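Scroll down for the structure; my scribbles are underneath it.
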Amino acid sequence: GMAGSSDYLEAQSLVLKGTLLQSTREDLTDSARNVRVPALLVWGKDDVVTPLSDGKRLQELISGSKLEVIEGVAHFVHEERPQEVTDLIKRFILN
């Protein structure tokens with residue numbers, strides 16, 4: 001019945017959240033060390049999904065990368081501050 005299907009959907013939602021959490025917490029150390037192209041990392045200072053400490057660690061692991069931190073923004077930096085992100089990308093590419 002309807003109650004059963006909503007329980008199922010809720011369970012599916014939790015499974016997806018768990019999967020998403022796993023993928024965001026995945027250890028990217030080896031991948032990061034292998035990046036050989038200029039890399040720009042744009043981070044929201046208030047991100048709790050992938051905290052700024054992760055961004056700083058990636059910046060250390062990716063040779064020659066640049067980390068730009070946007071104040072007052074969480075995880076969806078590109079949605080919350082699209083123009084600022086665009087400007088940072090343009091500046092990064094043109095320099």
Side-chain angles (χ1 to χ4, degrees):
M2 292 302 283
S5 63
S6 72
D7 288 348
Y8 175 78
L9 289 173
E10 193 173 319
Q12 288 298 102
S13 174
L14 289 172
V15 167
L16 287 173
K17 283 180 193 158
T19 304
L20 184 62
L21 203 56
Q22 288 274 311
S23 66
T24 57
R25 301 308 307 162
E26 187 182 337
D27 187 5
L28 299 174
T29 302
D30 290 339
S31 301
R33 285 195 181 113
N34 289 323
V35 173
R36 299 280 181 259
V37 294
L40 172 65
L41 305 166
V42 180
W43 228 266
K45 187 157 193 257
D46 303 330
D47 192 336
V48 291
V49 178
T50 46
L52 182 54
S53 57
D54 287 7
K56 290 177 178 173
R57 178 159 162 66
L58 282 174
Q59 197 260 322
E60 288 171 10
L61 292 168
I62 301 172
S63 179
S65 63
K66 182 171 188 178
L67 174 64
E68 294 282 2
V69 180
I70 300 181
E71 300 279 334
V73 183
H75 189 64
F76 296 100
V77 116
H78 58 292
E79 289 179 7
E80 293 181 54
R81 302 274 180 82
Q83 192 57 58
E84 200 169 337
V85 171
T86 302
D87 292 344
L88 288 171
I89 294 169
K90 283 182 187 169
R91 205 173 313 140
F92 182 74
I93 291 172
L94 297 174
N95 281 345

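Owing to the predicted nature of the structure, the values given are computational and were not obtained by experimental measurement.
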Among the clusters formed by ILVMFWY side chains lying less than 4.5 Å apart, do Val69 and Leu61 turn up in the same one?
no
Should Leu41 and Val37 be counted in the same cluster of Ile, Leu, Val, Met, Phe, Trp and Tyr side chains packed under 4.5 Å apart?
yes
From [atom1] ([X]) to [atom2] ([Y]), nearest 0.5 Å:
{"X": "Leu67", "Y": "Leu52", "atom1": "CG", "atom2": "CG", "answer": "6.0 Å"}
{"X": "Asp46", "Y": "Glu71", "atom1": "CG", "atom2": "CD", "answer": "7.5 Å"}
{"X": "Gln83", "Y": "His78", "atom1": "CD", "atom2": "NE2", "answer": "15.0 Å"}
{"X": "Arg57", "Y": "Ile62", "atom1": "CZ", "atom2": "CD1", "answer": "11.0 Å"}
{"X": "Arg81", "Y": "Phe76", "atom1": "CZ", "atom2": "CZ", "answer": "15.5 Å"}

Answer yes or no: is there a side-chain heavy-atom contact under 4.5 Å between Asn34 and Arg36?
yes
Are any non-hydrogen side-chain atoms of Glu84 and Asp87 less than 4.5 angstrom apart?
no
Got a sec, which hydrophobics cluster with Leu40, joining ILVMFWY side chains under 4.5 Å apart, including via others?
Val42, Ile70, Val73, Val77, Val85, Leu88, Ile89, Phe92, Ile93
